[in-house]
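Each remark here refers to the structure printed beneath this line.
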Amino acid sequence: MNLWSNIYTYRLTPEEMEWVCRTFVTDFGFHLYEAEEFSDLLAFPAIGLFVQPHAMDADEREILLNFYHEAYAEDRSLVIVFMDEVEIPHVLADAPLFIYDEHPKRTAQVCEALAFCADIRDCERREAQATMVDFDEEE
């Protein structure tokens with residue numbers, strides 16, 4: 001995996017954090033970071049966010065969902081897993097937004113969505129590198 005295959009967590013319990021590590025980091029090699037502030041979820045590149053929605057106030061949840069809708073909904077290049085029940089707006093009903101569930105089928109869906117996002121980010125990285133090479137050749 002490349003350095004853009006980051007997963008951020010926000011205010012997870014130790015048990016939830018262990019599940020994310022065991023299920024998504026160990027087997028797939030994604031890089032795991034713990035967001036210290038809510039704004040970290042918006043500021044740093046990631047393919048997945050695992051968040052405890054009740055650690056955010058209603059405005060922060062709305063900001064996160066609006067941010068997703070504006071920046072990621074079209075290409076589906078970010079997965080958000082809410083570790084507790086939360087209302088997903090109808091406009092995002094088909095987006096890769098999940099409610100935590102250890103059921104193997106749901107976990108497989110999250111893994112598949114994360115792998116898709118990692119592929120998108122890898123393509124973006126390769127395109128950026130190619131552009132840099134082209135720019136260097138013009139000089």
Side-chain angles (χ1 to χ4, degrees):
M1 287 293 145
N2 64 65
L3 292 178
W4 291 5
S5 295
N6 300 332
I7 292 176
Y8 277 83
T9 64
Y10 184 68
R11 310 292 172 158
L12 302 189
T13 66
E15 295 80 17
E16 292 167 339
M17 183 65 92
E18 189 277 326
W19 177 76
V20 171
C21 286
R22 174 178 36 87
T23 308
F24 303 104
V25 177
T26 303
D27 291 345
F28 297 97
F30 298 132
H31 304 275
L32 183 65
Y33 299 95
E34 196 167 348
E36 293 181 21
E37 302 292 329
F38 170 76
S39 60
D40 293 348
L41 299 174
L42 311 177
F44 297 111
I47 60 167
L49 305 176
F50 288 77
V51 299
Q52 186 50 257
H54 301 298
M56 299 178 242
D57 62 34
D59 288 340
E60 289 171 331
R61 285 190 299 275
E62 183 177 354
I63 288 168
L64 181 62
L65 290 169
N66 286 338
F67 171 74
Y68 180 88
H69 183 260
E70 293 298 319
Y72 296 101
E74 188 174 313
D75 67 3
R76 303 171 63 94
S77 62
L78 177 69
V79 173
I80 301 177
V81 178
F82 294 99
M83 302 307 286
D84 206 346
E85 291 291 324
V86 65
E87 185 176 334
I88 307 283
H90 179 71
V91 69
L92 295 174
D94 294 331
L97 305 175
F98 300 94
I99 306 297
Y100 169 75
D101 183 347
E102 275 195 71
H103 189 275
K105 183 177 180 180
R106 176 64 80 188
T107 300
Q109 290 173 329
V110 173
C111 287
E112 183 178 315
L114 287 169
F116 176 81
C117 293
D119 286 344
I120 288 175
R121 298 300 168 84
D122 197 39
C123 287
E124 290 172 352
R125 183 177 59 87
R126 284 194 308 272
E127 288 173 5
Q129 287 173 331
T131 302
M132 298 285 285
V133 169
D134 291 345
F135 180 74
D136 288 342
E137 289 174 359
E138 289 177 10
E139 291 179 359

All salt bridge (charged side-chain N to carboxylate O under 4.0 Å, His left out) counterparts of Glu18, not counting sequence neighbours
Arg22

Pair listing, ring-ring contact (aromatic ring centres under 6.0 Å, His included) test, anchored in residues 42-64, at least two apart:
Tyr8-Phe44, Phe24-Phe50

Can you tell if the side chain of Thr9 reaches within under 4.5 Å of the side chain of Leu49, non-hydrogen atoms only?
no

Nearest heavy-atom contact between Leu32 and Cys21 is CD2-SG, 3.2 Å

Tell me which donor-acceptor pairs under 3.5 Å the side chains of residues 108-120 have, and how far apart each pair is, sequence neighbours excluded?
{"from": "Gln109", "atom 1": "OE1", "to": "Arg106", "atom 2": "NH1", "distance (Å)": "3.1"}

Going by the rule side-chain contact (heavy atoms from CB on, under 4.5 Å), which residues pair with Asp94 if we only count those two or more places apart in sequence or in a different chain?
Arg76

Can you name the side-chain contact (heavy atoms from CB on, under 4.5 Å) partners of Ala71, sequence neighbours left out?
Phe67

Would you list the pairs meeting side-chain hydrogen bond (donor to acceptor under 3.5 Å, both in side chains) in which at least one residue belongs to residues 61-74, sequence neighbours left out?
none

Nearest-0.5 Å distance that lies between atom OG1 in Thr107 and atom CG in Asp101:
7.0 Å

Please check if the side chain of Thr13 supplies one atom and the backbone of Glu16 the other of a donor-acceptor pair under 3.5 Å.
yes

When you compare the side chain of Met83 with that of Arg11, does any pair of heavy atoms fall below 4.5 Å?
no

Residues that Glu37 engages under side-chain contact (heavy atoms from CB on, under 4.5 Å), provided they are two or more places apart:
Ser39, Asp40

Approximate separation, where rounding is to 0.5 Å, of Glu36 CD and Glu34 CD
7.5 Å

Could you check if a side-chain atom of Leu97 sits within less than 4.5 angstrom of a side-chain atom of Leu65, using non-hydrogen atoms only?
yes

Heavy-atom pair of closest approach, residues Arg126 and Asp122:
NH1-OD2, 2.5 Å

Can you name the residues that form a side-chain contact (heavy atoms from CB on, under 4.5 Å) with Glu60, not counting sequence neighbours?
Phe38, Met56, Asp57

Does anything in residues 76-112 form a ring-ring contact (aromatic ring centres under 6.0 Å, His included)? List the pairs, not counting sequence neighbours.
Trp19-Tyr100

Could you check Ile7, Asn6, Val25, Ile47 and say which one makes a side chain to side chain contact (heavy atoms under 4.5 Å, CB included) with His31?
Asn6

